[in-house]
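Have a look at the structure below, then the notes.
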Amino acid sequence: MDKNLQIYNTLTRKKEVFEPLNPPFVGIYVCGPTVYNDVHLGNCRTFISFDLIYRYLLHLGYKVRYVRNITDAGHLEGDRDEGDDKFAKKAKLEQLEPMEIVQKYTLSFREVMSVFNTLPPSIEPTATGHISEQIEMIKEILKNGYAYEKNGTVYFDVEKYNTVFPYGQLTNRKLEELIEGTRELSGQDEKKGRLDFALWIKSKPETLMKWPSPWGWGFPGWHIECSAMSTKYLGEKFDIHGGGMDLQATHHTNEIAQSQACSNTAPAKYWMHTNMLTVNGTRMSKSAGNGFLPRELFTGNHPLLDRGYSPMVVRFFMAQSHYRSTLDFSNEALQAAEKGFFKLMKAGETLEKLSPSTESTVNITELEDNCYKAMNDDFNSPILISNLFEAVRIINSVNDGNEKINKEDLENLKSLFQIFVFDILGLKNEKSGESSNLANDLIDMILNLRLDAKKNKDFATSDKIRNELTAKGVVIKDTKDGFEWELTD
RNA sequence: GGUCAGUUGGCCGAGUGGCUAGGCAGCGGUCUGCAAAACCGUGUACGGCGGUUCGAAUCCGCCACCGACCUCCA
């Protein structure tokens with residue numbers, strides 16, 4: 001097992017050697033979606049990034065338990081534990097039960113994830129399925145004195161917590177600075193401190209999703225579900241906790257506080273945060289209204305898009321940037337990625353047809369080392385891809401007779417290509433569904449006629465055939481003694 | 001205002017104190033009847049100004065610009 005994997009840890013703000021708590025087991029928890037709406041592409045980026053991380057850990061031989069929750073209750077709109085429940089609001093809007101909303105968007109989320117070829121997590125727990133675990137945890141926090149109840153709502157006492165634990169450690173901020181950034185409490189506010197957040201929220205008479213608790217009917221606050229569920233399935237302390245960068249300051253800060261206050265244990269050893277997807281330099285977000293839906297991207301049905309791009313092109317595009325960098329969305333960038341992706345896939349097909357020589361003029365071992373080096377350096381997929389294009393060069397050069405490869409190297413190259421392109425990057429060759437055999441046969445027949453024309457130096461006819469087939473989307477590539485063809489979109 | 005990032009060649013996007021990232025586009029060549037594809041070659045890139053250093057785009061300081069978080073969002 002490779003011991004050289006380095007992971008950037010948000011807690012320490014530097015890369016650290018990855019050492020699992022209980023090898024070969026690895027526990028990873030990623031904050032999943034709140035299923036009251038379609039996921040947009042920015043959300044997808046995070047889950048695709050963690051899919052890459054999950055796949056690489058699996059490849060290294062770790063026994064990974066990957067937990068990604070579904071938030072299906074308790075996420076309020078508006079600021080500071082006020083405002084409507086997101087599900088209730090959406091349910092009203094669509095005239096459905098809140099749980100119908102949950103079901104609808106859970107299914108659509110899973111479908112999108114599957115289209116992007118992400119592996120399903122080991123466990124996908126829901127907030128509503130773990131109410132009692134959350135209540136138990138809140139009771140423990142209350143018992144330890146880090147929370148207080150006010151009229152059926154339980155708040156976490158941030159200022160008291162901060163006297164014992166560093167509350168702002170994940171964002172490197174002091175409590176005083178954090179307090180300055182919040183607004184004054186109003187007269188009727190139940191909270192004692194401006195940073196206090198709700199662990200349990202008393203329901204209103206009209207609230208549909210509510211549960212009985214020691215503090216009366218209510219529902220859990222947004223942050224407690226992740227603490228309760230990560231503890232249940234991964235233990236009080238586990239290896240990796242991940243999520244989007246936007247969750248770092250509030251959600252993850254509060255998760256750490258809850259776990260510390262409950263069991264005196266910091267929940268995760270490594271915190272990983274993925275950066276935002278941007279459009280014209282600005283964050284893609286629900287509220288900004290600049291969010292692309294995956295479907296809009298695939299079909300090209302969006303004002304900012306010239307045309308559609310396939311899921312694998314998008315996945316490849318995302319892998320070309322590092323997960324901790326922002327990635328900007330544009331037609332030009334997508335088109336460039338598309339060409340690169342097709343080139344990579346084509347090389348994969350060529351690779352299968354290569355025949356070995358007795359000697360090798362290429363260095364596959366070095367190439368393989370470089371691929372591992374890239375991934376071991378905090379999952380640097382862009383560098384991995386640049387190495388894979390070196391593989392593409394080798395494949396095409398061997399195919400052209402400019403390089404030689406022996407049997408052993410060829411086998412290694414095939415295995416390397418399979419491992420890094422398909423197993424780890426999670427790409428797949430999505431060559432548009434082959435048209436009917438009849439159509440294929442007809443194209444072959446026509447091209448054979450063209451070949452005859454060429455042999456007879458009847459270039460007028462051969463060019464006419466090529467032009468007309470090209471116009472119909474058949475790209476012709478002449479080879480030494482024949483031809484190849486493929487369909488464009 | 002506070003915290004944290006970023007500013008790289010026509011576009012996207014890595015990275016490093018001295019040694020080619022890569023993709024896309026462009027240019028020249030090989031191949032081809034001509035193309036296409038492929039291969040080979042090809043780019044005074046690192047926001048500005050100072051400083052440290054034998055040497056900085058890479059470290060430090062200041063400035064400018066842009067962004068994220070601090071209020072729901074992956």
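Chain A is the first sequence line, chain B the second, and so forth, proteins listed ahead of strands; every chain is numbered from 1. Quantities reported herein were computed from a predicted structural model and do not represent experimental measurements.
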Note to self: For the C1' atoms, the ones on B:G18 and on B:G10, what distance do you get once it is rounded to whole angstrom?
What the structure shows: 29 Å
Exercise. Using a heavy-atom cut-off of under 4.0 Å over every strand shown, decide if A:Asn402 touches base, sugar-phosphate, or nothing.
Key: sugar-phosphate
**Message:** B:G33, OP1 or OP2 - any side-chain N/O from A:Lys454 closer than 4.0 Å?
**Reply:** no
Between A:Val475 and A:Asn43, the residue closer to the 5' end of RNA chain B by nearest nucleotide is A:Val475
Counting any heavy atom closer than 4.0 Å, what does A:Gly32 reach on the DNA or RNA strands: base, sugar-phosphate only, or nothing? sugar-phosphate
Among B:G23, B:A74, B:G33, the one nearest any side-chain atom of A:Ser462 is B:G33
When rounded to whole Å, the CG to P distance for the pair A:Asn275 and B:A5 reads 12 Å
Per atom distances to the A:Phe47 side chain, the nearest of B:A74, B:G22, B:C40 is B:A74
Here the distance between atom P of B:G23 and atom CZ of A:Arg315, to the nearest Å, is 21 Å
Notebook entry, point to check: Does A:Arg393 have a side-chain nitrogen or oxygen under 4.0 Å from the phosphate oxygens OP1 or OP2 of B:A38?
Noted result: no
What one should report as the nearest heavy-atom pair of A:Asn69 and A:Met229 is CB-CE, 3.5 Å
### Query
Looking across every strand, which nucleic acid part, if any, lies under 4.0 Å from A:Met245 by heavy atom: base, sugar-phosphate, or nothing?
nothing
Donor-acceptor under 3.5 Å (A:Asp72 side chain, A:Val102 main chain) | no
Taking B:A38, B:G23, B:G33 as options, the one with an atom nearest any side-chain atom of A:Asp463 is B:G33
A correct 5'-to-3' footprint of nucleotides 8-14 of chain B, with B, S and - meaning base, sugar-phosphate only and no protein heavy atom under 4.0 Å, is ---SSSS
- Message: Do the side chains of A:Glu468 and A:Lys472 get close enough for a salt bridge, i.e. N-O under 4.0 angstrom?
- Response: no
Here the pair of heavy atoms bringing A:Thr171 nearest to A:Ala249 is CG2-CA, 3.6 Å
note: A:Leu293, atom CG; B:A74, atom P; distance rounded to Å ~ 13 Å
Only residue of A:Lys14, A:Arg324, A:Lys15 satisfying salt bridge (charged side-chain N to carboxylate O under 4.0 Å, His left out) with A:Asp378 is A:Arg324
Exercise for review: Kindly say whether, by distance alone, the side chain of A:Arg466 makes a donor-acceptor pair under 3.5 Å with the base of B:C34?
Suggested key: yes
Looking at every strand, decide which applies to A:His273 at a 4.0 Å heavy-atom threshold: base, sugar-phosphate, or nothing.
-> nothing
A:Tyr36 OH to B:A74 C1', in whole Å, measures 11 Å
Review point. Is there ring stacking between A:Phe459 and B:G33, where the centres must be under 5.5 angstrom apart and the planes under 30 degrees?
Key: yes
message: On the side chain of A:Arg324, is there an atom forming a donor-acceptor pair with the base of B:A5 - under 3.5 Å, no angle test?
response: no
### Task
Determine the contact category for A:Gly243: base if any of its heavy atoms lies under 4.0 Å from a base atom, sugar-phosphate if only primed atoms, P, OP1 or OP2 are that close, otherwise nothing.
sugar-phosphate
Walking RNA chain B from its 5' end, the first of A:Leu277 and A:Ala337 to be reached, judged by nearest nucleotide, is A:Ala337
Atom NZ of A:Lys346 and atom P of B:C39 are separated, to the nearest Å, by 11 Å
Mate of B:G26 across any strand shown (Watson-Crick or G-U wobble, both atom pairs under 3.5 Å) is B:U42
ask   = Considering only heavy atoms and no angle criterion, is a donor-acceptor pair shorter than 3.5 Å present between the side chain of A:Asn387 and the base of B:G22?
value = no
Next item on the list: Give a yes or no on whether A:Lys202 atom NZ has more than 12 heavy-atom contacts from other residues, nucleotides or ligands under 6.0 Å away.
Entry: no
Atom NZ of A:Lys477 and atom P of B:C39 are separated, to the nearest Å, by 11 Å
query: Any side-chain N or O of A:Lys343 under 4.0 Å from OP1/OP2 of B:C24?
result: yes
If pairing means Watson-Crick or G-U wobble with both distances under 3.5 Å, then the partner of B:C59 is B:G51
Out of B:C4, B:C24, B:C39, minimum distance to the side chain of A:Lys339 belongs to B:C24
In whole angstroms, the gap separating C1' of B:A38 from CG of A:Leu351 amounts to 15 Å
Of all heavy-atom pairs linking A:Gly348 and A:Phe417, the shortest is CA-CE2, 3.5 Å
Per atom distances to the A:Arg450 side chain, the nearest of B:C70, B:G33, B:G23 is B:G33
Applying the 3.5 Å cut-off to both distances, the Watson-Crick or G-U partner of B:C66 turns out to be none
Atom CG of A:Asp377 and atom C1' of B:A21 are separated, to the nearest Å, by 13 Å
| query | Taking the C1' atom of each, how far is B:A45 from B:A57, in whole Å? | reply | 9 Å
Can you classify the ring geometry of A:Phe329 versus A:Phe292 as parallel (below 30°), tilted (30 to 60°) or perpendicular (above 60°)? tilted
Backbone N/O of A:Trp271 and side chain of A:Thr10: donor-acceptor pair under 3.5 Å | yes
ask   = According to a strict under-4.0 Å criterion, is A:Asn399 in side-chain N/O contact with OP1 or OP2 of B:A38?
value = no
Ranking B:C70, B:C34, B:A21 by distance to the side chain of A:Asp478, first place goes to B:C34
Item to complete: Examine distances only and state if a side-chain atom of A:Asn4 and a backbone atom of A:Asn376 form a donor-acceptor pair shorter than 3.5 Å.
Response: no
(request) Scan A:Ile476 against the nucleic acid and name what it touches under 4.0 Å (heavy atoms): base, sugar-phosphate only, or nothing. (result) base
